Colleague: 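Pasting in a structure now, in C-alpha cells, and then I'll have a few things to ask.
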Amino acid sequence: MTIQLSGQATDFPRTSGQTCWQSPANIALVKYWGKYPVQIPMNPSLSFVLKGSVVKICMDYSIDPDSPFELVSFSLNGQVNDIFKSRIDNYLEGLVPFFPFLKHAQIHIDSESSFPHSAGIASSAAAFSALALCVCSIEAEISGKAPGTEAFLRRASFMARLGSGSACRSIYDGMVLWGKTEQLPGSSDEYAVKLESRHVHRRFMKMKDAVLIVDSGTKKVSSSAGHALMHHHPYREQRKEQASANLGRLLNALQRGEMPLFGEIIENEALSLHSLMMSSSPGYILMHPNTIRLLEKIREFRRETRAHAYFTLDAGPNIHLIYPESDAAQVIPFIRDELTSLCRDGRWIDDGMGTGPERIAHGSK
Ligand code: PMV
C-alpha cells in the first residue's frame, strides 16, 4: 500500500472543529526490539490491546490559510505539560508532509490518561495512536470521507508508528501483527494488521493481563536508547532469526489453541528481550530482585496447579501475567495471596484484552 504524501499545501478553507479518540496501550507477546529509520522494525512483533489502560485525546483545531502550524496548548489530566507538549509538537510537525492542512492548523489538545499515576506502564502507544486517529479524523472531516474504514485505520496505524513504533499496533483489537513477514501475507513494516478470527482459536479470545507493579519510577534507560543499542549488538542477527521463529510458532499456537506452547513462547520472548538489554554495550538491567522472585513464583504455581498463567515483561521491571479468563478463579487468589506482597505497595492492575480505539462524542472528554 502507498500512503499518500502531500497534495498542494494551499487553498484550505477556513474551518474549525473538534475530534476526540480514546485509544489503548498494548502488550507485546513477540517483542519489537531494534529499529531502522524511520521507525522500521528490525523484526516483526505481535500484541493485543488492553482494556483499562487508555489515553483520551480531544483535539480542537482551526485551519487558517494565513497562519502557520502551531500546537497552541496541551494538557494532561487537566494540567499543562510542557515536556509532552514539545514531543507532540515535533510529532505533529513531522506529519505535515502527509497532511497539508496541518501546515495551517492551530491546535489545542486536552488529554486524559487512565494509567494509574506513576504505575510504570508506558502510555506512549496509547497516546500516539489516539493522536494519529485524531489527525486522520480531521483529514476525513475536511475531505468529507467517512472515518473508520479499513483504509482510514491503516493510515492511522502508519501515522501512529511515526510517533512510537509499538503505537501502530494499538489501532486494532484482537491479536495484531506489525512487521513484514512471509508468515502473514499482507503484513508490513509500515503499519500493523489484525489477525483474522480464523487465525485465532477461541481459547485466545478472552485473555487477561494482571500488571504486577514492581517499580513505578521512570526507567533508567529509555526504549529509544535500547532500540539504538541493537544496531551494534553482537546478537542482532540471531535476535532477528529468533523473533521470526517465535512469531511463526506463536501464529501456529494461536491458530491451534495451544495454550502451553503460547506460554512457552511469550516467556521466552520476555526473557530474551531482557537478555538483549543485559548483553548490549553498555549492558543494563531493568529487572529488580522482586521481578525475579515473581517470575519464579509464577513458574512454581504453574508446576503445582497446571493453570495457564504466563509472564511477559516490557522494557521495565513490571510483570504482565497473561492468562485466559477461564482460569481467573484459580489465578486471582494466587495473585492476592502470593504475588501482591512482592509488588510495590501491593499494587497490581486487573486488566485484559480490550476492543480497540473508540471515537468519543464531542464534548464527552
Ligand atoms: O514503541 P517503543 O519504541 O516504545 O518500543 C516498545 C518496545 C517494547 O515495548 C519493549 C516491545 C514492544 O513490542 O512493544
Side-chain angles (χ1 to χ4, degrees), residues 23-50 53 55 84 87-88 90-91 94 113 115 119-132 157-172 175-181 187 189-193 209 211 218-231 233 239-240 242-244 246-247 250 265-280 284-287 291 311-320 322 351 353:
S23 197
N26 66 73
I27 178 67
L29 304 172
V30 171
K31 308 291 179 181
Y32 146 57
W33 202 236
K35 61 179 169 182
Y36 305 111
V38 179
Q39 308 274 66
I40 296 298
M42 276 189 186
N43 64 269
S45 57
L46 194 147
S47 64
F48 65 81
V49 288
L50 299 180
S53 307
V55 169
F84 287 154
R87 185 163 172 201
I88 290 166
N90 286 340
Y91 170 63
S113 163
F115 290 66
I121 310 177
S123 57
S124 59
F128 282 103
S129 54
L131 282 166
S157 179
F158 179 102
M159 300 303 163
R161 184 195 103 237
L162 300 177
S164 166
S166 59
C168 73
R169 299 187 310 237
S170 277
I171 299 291
Y172 299 99
M175 296 288 174
V176 180
L177 186 148
W178 169 40
K180 185 144 190 59
T181 167
S187 57
D189 283 341
E190 298 189 316
Y191 50 83
V193 292
D209 179 0
V211 191
T218 318
K219 288 186 280 194
K220 281 177 290 194
V221 182
S222 69
S223 288
S224 314
H227 287 300
L229 288 171
M230 283 307 288
H231 279 281
H233 200 290
R239 167 58 192 157
K240 289 199 243 171
Q242 178 200 36
S244 287
N246 274 345
L247 180 70
L250 185 61
I265 299 162
I266 73 166
E267 291 195 352
N268 176 261
E269 275 292 308
L271 296 177
S272 299
L273 172 71
H274 282 259
S275 313
L276 289 164
M277 295 172 195
M278 290 187 235
S279 51
S280 292
Y284 59 103
I285 302 174
L286 296 183
M287 289 193 276
T291 310
F311 62 78
T312 186
L313 298 148
D314 265 343
N318 302 324
I319 290 177
H320 292 251
I322 311 287
D351 210 337
M353 215 171 195

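Quantities reported herein were computed from a predicted structural model and do not represent experimental measurements. For ligands, and for the atoms within them, numbers begin at 1 and follow the listed sequence.
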Colleague: Look at the side chain of Asn26 and the backbone N and O of Ser166, then say whether any donor-acceptor pair between them is shorter than 3.5 Å.
Modeller: yes

Colleague: Are more than 12 heavy atoms, taken from residues, nucleotides or ligands other than Ile285, located less than 6.0 Å from that residue's CD1 atom?
Modeller: no

Colleague: Can you tell me how far CG of Asn43 sits from OG1 of Thr181, rounded to the nearest 0.5 angstrom?
Modeller: 10.0 Å

Colleague: Does Asn246 reach the main-chain N or O of Glu269 with its side chain, forming a donor-acceptor pair under 3.5 Å?
Modeller: no

Colleague: Under 3.5 Å, N/O to N/O: give me all the pairs between ligand 1 and the protein, one per line with atom names and distance.
Modeller:
residue	atom	partner	partner atom	Å
ligand 1	1 (O)	Ser164	OG	3.2
ligand 1	1 (O)	Ser166	N	2.9
ligand 1	1 (O)	Ser166	OG	2.7
ligand 1	3 (O)	His227	NE2	3.0
ligand 1	5 (O)	His227	NE2	3.0
ligand 1	9 (O)	Asp314	OD1	3.4
ligand 1	13 (O)	Tyr32	N	2.9
ligand 1	13 (O)	Arg169	NH1	3.0
ligand 1	13 (O)	Arg169	NH2	3.2
ligand 1	14 (O)	Arg169	NH2	2.8

Colleague: Taking Lys180's backbone N and O only, do any of them form a donor-acceptor pair with Asp189's side chain (distance below 3.5 Å, no angle check)?
Modeller: yes

Colleague: Under 6.0 Å from the ring centre and within 45 degrees of the ring axis: does the NZ or CZ of Arg161 meet both conditions for the six-membered ring of Phe158?
Modeller: yes

